[in-house]
Amino acid sequence: MKACCAALSAVLLSISTAAFAADYPAPKQGDWVAKDFKFHTGDVMPELKLHYTTVGEPTGQPVLVLHGTGGSGASMLTPAFAGELFGAGQPLDAAKYYIIIPDAVGHGKSSKPSDGMKTSFPKYNYDDMVEAQHRLVTEGLGVKHLRLVIGNSMGGMQTWLWGEKFPNDMDALVPMASQPTEMASRNWMLRRIMLDTIRNDPDYNGGNYTSQPRMMKYAITAYGIASIGGTLAYQQQAPTAAKADKIVDERLATPITADANDYLYQWDSSHDYNAADKLEAIEASLLLINSADDERNPPETGLTDAAMKRVKNGKLYLIPASTETRGHGTTGNAKFYTEQVRQLLQTAPQRTM
C-alpha cells in the first residue's frame, strides 16, 4: 500500500467516506479555524482552516493519527490501515478510542496554496504543521492529553516532533517509516530533483500556470519508483523488461490530480526537518516501526540505531523485507504490526499533564 505517494493519495481522496466498508463507526468530518497562525517564517495568516476526520466518540481515549506527504485523513481510512486497527477488538478499537485524523497544513481540505494564494501562501515546514495540529487538538477539540500519537512517513517524522515539542501531552508514540535524523542523502536528493523538474517545466510559469505542468507525471513517477515499492517486490512484479515497461506505462497513464503548487509546498516542507537534537526530551513510550527495505530510511546506515539509543523509553520494530513488503510503503499496511501496537498500548503507562 502506497498511501504516501501523491498519485495514490489523490485516488483515495476521491473515495467518499461512505464507501469505506469497515467494522468501525462512520468517520465524521469537521473544520476548525486557527486564528492569527504564525509560521516559522514570521508570516501570519489571520485564518488558517484545518480540516479533520474523527472516528469514535469524544468520550473515548484520544488518539492522533498523522498522514503522509500528499495525503489527508481520507488516505488513512483504507482497509489496509484503518481496517486493521479501528475495528472491534483491534488495537485502536473505535468503541474505546477517539481517533483524530487532521488534514495537515497544505493538504486535503485544510488551507493550501491552490485555495487562491498560489505562491503567496506562506512557506510552511513540519514544525508549522505540528503546531497547527496541536492547536486543533487542544483549542479546537479541547483534548488536553493523548493516549497515542501515530503517524506514517511524513506523519512519522511529525510524530517525533510531537514527542519533543509536547513531551507531556501523550502516553505513547508510534512513528512509522521515518527516522529522527536530518533530511539528507538519497531521500532529499530525489525530492530535490523531483521538485526542480516541476519548477523548471515551462508550463509551471513561476506558479502561475493555466494547466498542470506536463512534466509533473514524469517527476512523480520517477520519484515513486525510486523511493517506494521494495526491491524484492519489484523484482517479483517486473522480472522482465516487458513487465517493467508495463508498470511504467500504467503509472504514466494514471492521471495526476494534485495541484503543482500544493505538491511543491508539500514535499519542500521536509527540507529542514531534523528531530535529532532533542531526542532526550521525549518522555512517552515510543515504538518506532520501520521496514527493512525502506528506500528512504535504510537501516544499514546505522542512523536509526544510534538515534534510538538516545530515546529513554524507545523500541524499534523492523519489519523483515520480503516479496510482500513494499519498501517505504510497507507501513501503510497495518497487518505487519498490529500486535506490536496492541502490546504498546497494553504496557505504556497512563500519564497526566
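Predicted, not measured: the structure shown is a model, and the values here were computed from it.
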Is there a donor-acceptor pair closer than 3.5 Å between any side-chain N or O of S185 and the backbone N or O of N187?
-> no
Out of curiosity, M194 CE to M216 CE, how far, rounded to the nearest 0.5 Å?
-> 9.0 Å
Can you find a heavy atom in the side chain of D305 that is under 4.5 Å from one in the side chain of L316?
-> yes
Indicate if L318 and L232 have the same hydrophobic cluster label, given that clusters are the connected sets of ILVMFWY residues with side-chain heavy-atom separations under 4.5 angstrom.
-> no
Give a yes-or-no answer on whether the side chains of T304 and Q179 include a donor-acceptor pair shorter than 3.5 Å.
-> yes
Any L66 side-chain heavy atom under 4.5 Å of P102 side chain | yes
Looking only at atom types and distance, does a side-chain atom of K165 sit under 3.5 Å from a main-chain N or O of E131, one as donor and one as acceptor?
-> no
Is the shortest distance from a Lys or Arg side-chain nitrogen in D93 or K96 to a carboxylate oxygen in the other one below 4.0 Å?
-> no
Look only at the side chain of S110 and the backbone of G106, and say whether a donor-acceptor pair between them is shorter than 3.5 Å.
-> no
If we only count heavy atoms from C-beta on, is the P91 to T338 side-chain gap below 4.5 Å?
-> yes
Is it true that atom NZ of K38 has more than 12 heavy atoms of other residues, nucleotides or ligands lying nearer than 6.0 Å?
-> no
If every non-hydrogen atom of I247 is compared with every non-hydrogen atom of A238, which pair is closest and at what distance?
-> CD1-CB, 3.9 Å
Side chain proximity check, Q340 to L287, heavy atoms < 4.5 angstrom | yes
Going by atom types alone, do D171 and H145 pair a side-chain donor with an acceptor below 3.5 Å?
-> yes
H40-D127 side chain donor-acceptor pair, cut-off 3.5 Å | no
Intermediate values then yes/no, ring pair (Phe, Tyr, Trp, His ring centres under 6.0 Å), F39 and Y124 = CA-CA 6 Å; F39 293 81; Y124 60 81; 7.1 Å; no
Atom CE in M176, atom CE in M157: separation rounded to 0.5 Å?
-> 12.5 Å
When rounded to the nearest 0.5 angstrom, what distance separates OG in S270 from CE in M154?
-> 9.5 Å
With a 3.5 Å cut-off and no angle check, do the side chains of D293 and T325 form a donor-acceptor pair?
-> yes
What do you reckon, is CZ of R310 surrounded by more than 12 foreign heavy atoms closer than 6.0 Å?
-> yes
Compute the centroid of each ring, for Y265 and then for Y263, and state whether the two points are separated by less than 6.0 Å.
-> no
Where E57 and Y98 come nearest, the two heavy atoms and their spacing | O-CB, 3.1 Å
Starting from the C-alpha separation in whole Å, work towards a yes-or-no answer on side-chain contact (heavy atoms from CB on, under 4.5 Å) for E182 and W188.
-> CA-CA 10 Å; E182 183 175 358; W188 177 249; over 6 Å; no
Is the backbone of F86 close enough, under 3.5 Å, to the side chain of Q90 for a donor and an acceptor to pair up by distance?
-> yes
Mark yes or no for whether D201, through its side chain, and I198, through its backbone, hold a donor-acceptor pair below 3.5 Å.
-> no
Side-chain contact, heavy-atom cut-off 4.5 Å: T53 with L77?
-> yes
Working for salt bridge (Lys or Arg N to Asp or Glu O under 4.0 Å), residues K35 and E47 = CA-CA 5 Å; K35 301 289 187 180; E47 294 189 344; 2.7 Å; yes
Any chance you could lay out the side-chain contact (heavy atoms from CB on, under 4.5 Å) test for L345 and L92, step after step, and finish with the verdict?
-> CA-CA 9 Å; L345 291 169; L92 298 178; 3.6 Å; yes
Would a 4.5 Å heavy-atom cut-off, applied to side chains only, mark V63 and I100 as touching?
-> no
Is the backbone of N125 close enough, under 3.5 Å, to the side chain of D128 for a donor and an acceptor to pair up by distance?
-> yes
Pairing residues for D268 by the salt bridge (Lys or Arg N to Asp or Glu O under 4.0 Å) criterion, not counting sequence neighbours | R199
Is it the case that N152 and T331 place a side-chain donor and acceptor less than 3.5 Å from each other?
-> yes
For P175 and L288, which heavy atoms make the closest approach, and how far apart are they?
-> O-CD1, 3.3 Å
L344 versus Y337: any side-chain heavy-atom pair under 4.5 Å?
-> no
Side chain to side chain, H107 and H67, heavy atoms closer than 4.5 Å | yes
Closest heavy-atom pair, A260 versus P213, reported as atoms and distance to 0.1 Å, is CB-CD, 3.6 Å
Just checking, is any N or O donor in the side chain of N261 or Y209 under 3.5 Å from an acceptor N or O on the other one?
-> yes
Partner of P167 by side chain to side chain contact (heavy atoms under 4.5 Å, CB included), out of K278, E283, R351 = E283
Please list, chain by chain and in numerical order, all residues satisfying side chain to side chain contact (heavy atoms under 4.5 Å, CB included) with K335, sequence neighbours excluded.
-> E84, E324, N333
Going from CG on L141 to NZ on K144, what distance comes out if it is rounded to the nearest 0.5 angstrom?
-> 10.0 Å
Between Y234 and R251, the two heavy atoms sitting closest are OH-NH1, 3.2 Å
Taking atom types as modelled, is there a side-chain donor on H328 or S153 under 3.5 Å from an acceptor on the other?
-> yes
Hey, are N297 and N290 close enough side-chain-wise for a donor-acceptor pair under 3.5 Å?
-> no
Name each donor-acceptor pair under 3.5 Å that joins a side chain in residues 218-226 to protein atoms two or more places apart or in another chain, with its distance.
residue	atom	partner	partner atom	Å
T221	OG1	K217	O	2.7
Y223	OH	R191	NE	3.3
Y223	OH	R296	NE	3.4

Any side-chain donor-acceptor pair under 3.5 Å between D262 and S114?
-> yes
Has M117 got more than 12 heavy atoms of other residues, nucleotides or ligands less than 6.0 Å from its CE?
-> yes
Candidate pair N208 and K118, rule side-chain contact (heavy atoms from CB on, under 4.5 Å), full reasoning | CA-CA 8 Å; N208 297 305; K118 297 185 178 180; 3.9 Å; yes
Just how far is it from atom CG of D103 to atom OG of S72, taken to the nearest 0.5 Å?
-> 5.0 Å
Does a side-chain N-to-carboxylate-O contact under 4.0 Å join D203 and R214?
-> yes
Less than 6.0 Å separating the ring centroids of H51 and W32?
-> no
Could you tell me whether the side chain of Q212 and the main chain of D259 form a donor-acceptor pair under 3.5 Å?
-> no
May I have the step-by-step check of side-chain contact (heavy atoms from CB on, under 4.5 Å) for L279 and K312, ending in yes or no?
-> CA-CA 9 Å; L279 292 173; K312 60 176 69 76; over 6 Å; no
Under the 3.5 angstrom rule, does the side chain of T181 hit a backbone N or O of L303 as a donor-acceptor pair?
-> no
Between atom OG of S120 and atom CG of D43, what is the distance when rounded to the nearest 0.5 Å?
-> 10.0 Å
How far apart are the closest heavy atoms of A104 and Q133, and which atoms are they?
-> CB-NE2, 4.3 Å
